[in-house]
Amino acid sequence: MVSLPADALPPVLVVEDDPVTAILLRRHLEAQGYAVDEATDGILALEMHRKKPYRIVVSDWMMPSMDGVSLCREFRSLGGSYVYFVLCSARTDRSDRTEAFEAGVDDFLTKPIDRGELASRLIVARRILSSEDVLRRQRKQLEETARRLAEGNVELRALSRKYAGLFDGLPVACFTFDSEGLVREWNREAEVAFGIRADVAAGAPVWNVLGGADEDAWSEERARLLMLGSGGDALDWSLRSSDGQEKNFAANIICVRDDAGRPIGVVCANVDITARKRAEAQIADFARQVNAQKVELEAMNHQLNHLVITDELTGLANRRHFREMLISIIAGHKEVPISLLLLDLDHFKRVNDARGHLAGDQVLRQFAQVLRRNANEGELLVRYGGEEFAVLIVGADQESAELAGERYRRSVEKEDLAGLGVTTSVGVATAFASETSIDDLVGRADAALYTAKESGRNRVCTADPAFAARFY
């Protein structure tokens with residue numbers, strides 16, 4: 001087992017067959033203080049891990065001979081200290097990611113790798129690995145304590161049965177009571193453990209002597225069941241002493257019978273398990289803290305994922321998320337038309353010049369709110385950059401896209417943002433996914449937007465029909 005010192009950065013194994021990506025990953029990681037080893041394929045990675053176990057692996061998804069998901073399964077089958085496995089890919093299909101999670105993948109990084117995102121994910125990885133190390137040490141200590149207690153209980157049972165009459169010499173609190181429930185023997189350890197003198201206990205009913213026990217552990221009813229041989233042979237109980245301190249005991253109980261098999265008394269040997277109970281309570285509290293930390297980490301991951309795809313100022317999807325969505329749509333909707341609207345605020349410079357950049361930011365937020373209020377279901381709203389926005393509509397032909405562009409244009413015109421005549425120009429491009437690319441679709445929409453600007457602003461223009469004709 002490999003544990004991490006509290007302040008140590010674990011070495012990272014990068015598994016990447018593309019040398020350029022491998023170099024970038026190494027530079028990012030070494031800049032953050034990590035020691036980095038590289039493997040060009042999964043087989044070499046497994047061989048390196050067997051010689052020098054790693055706690056963090058950052059692997060490409062698609063590789064020759066063994067892909068990243070298969071490599072993760074192999075790591076999980078090796079056992080040993082937990083390995084935090086990060087998979088890098090441009091793939092975003094939900095079924096692919098489900099397969100990867102089922103294989104044991106802990107986290108994903110989208111290519112191209114963002115340096116800040118990589119640093120954040122590895123901070124989470126180190127927290128999880130550190131928590132896992134602490135839990136494993138605690139579990140080992142608890143198992144050792146339980147083993148020792150179990151061994152002690154076995155030995156105690158044997159001694160109690162074999163040397164029932166040697167109470168004073170036993171190192172545990174022992175007492176006996178007869179068939180009437182009257183205490184007959186009470187050894188020195190019982191005096192110390194229970195804080196009750198032998199002369200006070202002798203001859204008194206056991207339920208009176210131990211009346212301070214929890215939940216009537218030594219009630220008259222229980223004592224009589226034990227005297228009949230039907231009350232069990234073990235009991236965990238607690239006793240609060242006169243100074244208010246609570247002690248916990250594990251009792252081994254023997255019903256003594258005569259030659260005819262009739263119960264004639266009870267022998268009880270008690271082990272002080274106060275320390276164990278406290279340890280169990282501490283471990284339970286620690287487990288609650290770890291669970292709370294896990295919930296907090298999950299919330300942080302959710303927030304991080306949201307921040308990665310959201311524009312901070314407007315709350316709309318950002319340009320990065322837009323490109324990821326467009327890649328996914330083009331890959332998964334080959335025979336479906338895709339329409340892209342690019343919207344640019346007209347005369348936005350007037351707002352910044354007249355009111356300042358804070359007012360400009362407020363106008364951008366208001367513009368985003370207007371888009372939201374007028375968006376139809378299935379229309380993805382994006383802040384593309386600066387005062388430029390985008391609307392992505394899957395399944396919309398050119399005519400529908402033009403109508404959507406006009407709907408947004410009119411809504412902005414009616415709003416009269418900032419009272420300075422701020423309007424919007426819209427460029428529209430439509431194509432079938434099987435016959436276009438991201439750059440082609442964006443370039444055509446951008447050209448149409450430029451035409452709208454040059455034609456007087458506050459209007460909707462469509463990409464050159466000569467280009468659009470082949471899609472219908």
Side-chain angles (χ1 to χ4, degrees), residues 1-5 8-18 21-22 25-26 29 34-111 113 117-140 142-143 287 290-291 293-298 300-302 304-305:
M1 294 290 183
V2 179
S3 296
L4 299 175
L9 292 179
V12 178
L13 176 60
V14 172
V15 189
E16 174 60 68
D17 62 324
D18 177 43
T21 303
L25 274 172
R26 171 183 280 276
L29 291 166
Y34 291 92
V36 182
D37 292 329
E38 296 177 22
T40 55
D41 58 51
I43 295 174
L44 177 58
L46 290 170
E47 183 177 333
M48 292 172 66
H49 180 68
R50 291 187 181 98
K51 293 178 181 178
K52 173 187 173 182
Y54 295 89
R55 299 301 303 279
I56 298 178
V57 174
V58 180
S59 173
D60 188 20
W61 191 318
M62 303 304 296
M63 298 183 293
S65 74
M66 181 186 298
D67 62 24
V69 174
S70 301
L71 177 60
C72 182
R73 290 195 184 97
E74 291 295 325
F75 267 88
R76 294 294 178 245
S77 69
L78 293 177
S81 296
Y82 190 81
V83 178
Y84 195 91
F85 201 98
V86 181
L87 200 59
C88 303
S89 176
R91 298 168 66 172
T92 58
D93 187 82
R94 179 176 294 178
S95 62
D96 288 338
R97 294 211 169 193
T98 299
E99 178 190 1
F101 278 126
E102 291 174 349
V105 170
D106 294 291
D107 207 347
F108 289 91
L109 283 172
T110 302
K111 287 187 172 182
I113 304 301
E117 184 179 6
L118 174 63
S120 299
R121 298 300 175 89
L122 292 188
I123 289 173
V124 173
R126 296 207 310 273
R127 288 177 180 169
I128 290 175
L129 290 176
S130 177
S131 296
E132 194 269 346
D133 287 343
V134 172
L135 279 174
R136 188 173 65 249
R137 289 193 294 269
Q138 292 285 346
R139 190 182 306 114
K140 185 176 180 180
L142 180 59
E143 289 173 353
V290 170
N291 186 61
Q293 186 180 48
K294 179 182 176 183
V295 171
E296 181 181 354
L297 288 175
E298 289 173 349
M300 289 171 62
N301 274 333
H302 178 76
L304 180 61
N305 289 333

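- Atom CG in Asp37 sits 11.0 Å away from atom CG in Leu29 (nearest 0.5 Å).
- Here the closest non-hydrogen pair linking Glu16 and Ala22 is CG-N, 3.6 Å.
- A donor-acceptor pair under 3.5 Å is absent between the side-chain atoms of Arg55 and the main chain of Ser81, judged by distance alone.
- Residue Lys140 places its NZ atom among 12 or fewer non-hydrogen atoms of other residues, nucleotides or ligands, all under 6.0 Å distant.
- Looking only at side-chain heavy atoms (C-beta outward), Val124 and Asp107 stay at 4.5 Å or farther from each other.
- The two atoms that bring Gly104 and Cys72 nearest to each other are C-SG, 3.4 Å, heavy atoms only.
- In this structure, Gln293 and Ser131 approach most closely via the heavy-atom pair OE1-OG, 3.0 Å.
- Taking each heavy atom of Asp60 and Cys88 in turn, the nearest pair found is OD1-O, 3.3 Å.
- The ring pair (Phe, Tyr, Trp, His ring centres under 6.0 Å) contacts involving residues 38-78 comprise His49-Phe75, Phe75-Phe85, where partners must be two or more places apart or lie in separate chains.
- Distance CG/Leu9 to CD1/Ile123: 10.0 Å, rounded to 0.5 Å.
- A heavy-atom distance below 4.5 Å is found between the side chains of Pro10 and Arg126.
- In this structure, a donor-acceptor pair under 3.5 Å is absent between the side chains of Ser130 and Asp133.
- Note that CG of Leu118 and OH of Tyr34 are 8.0 Å apart. Values are rounded to the nearest 0.5 Å.
- Nearest heavy-atom pair across Ile43 and Ser65 is CD1-OG, 4.3 Å.
- Put simply, the side chain of Asp18 gets close to the backbone of Thr21: a donor and an acceptor are under 3.5 Å apart.
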Worked verdict on Val14 versus Arg26 for side chain to side chain contact (heavy atoms under 4.5 Å, CB included): CA-CA 8 Å; Val14 172; Arg26 171 183 280 276; 6.0 Å; no
Check against salt bridge (Lys or Arg N to Asp or Glu O under 4.0 Å), Arg139 and Glu132: CA-CA 10 Å; Arg139 190 182 306 114; Glu132 194 269 346; 5.8 Å; no
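- Taking every heavy atom of both residues into account, Leu71 and Ser59 meet most closely at CD2-OG, 3.8 Å.
- Put simply, the side chain of Val86 does not reach to within 4.5 Å of the side chain of Arg121, judged on heavy atoms.
- In terms of the ring pair (Phe, Tyr, Trp, His ring centres under 6.0 Å) criterion, Tyr84 has no residue partners (sequence neighbours excluded).
- Summarising the geometry, atom CG belonging to Leu13 is positioned 5.0 Å from atom CE belonging to Met48; distances are rounded to the nearest 0.5 Å.
- To the nearest 0.5 Å, the span separating CD on Glu102 from CZ on Arg73 amounts to 8.5 Å.
- A 4.5 Å side-chain heavy-atom check between Asp41 and Met66 finds every atom pair outside the cut-off.
- Annotation: side chain of Leu87 is not in contact with side chain of Arg97 (no heavy-atom distance under 4.5 Å).
- Contact annotation: the side chain of Arg76 approaches that of Val83 to within less than 4.5 Å [non-hydrogen atoms, C-beta and beyond].
- For the pair Leu78 and Leu46, the minimum side-chain heavy-atom distance is below 4.5 Å.
- Taking 4.5 Å as the limit, some side-chain heavy atom of Leu25 sits within range of a side-chain heavy atom of Val58.
- Here Phe108 pairs with Phe101 under the ring pair (Phe, Tyr, Trp, His ring centres under 6.0 Å) rule; sequence neighbours left out.
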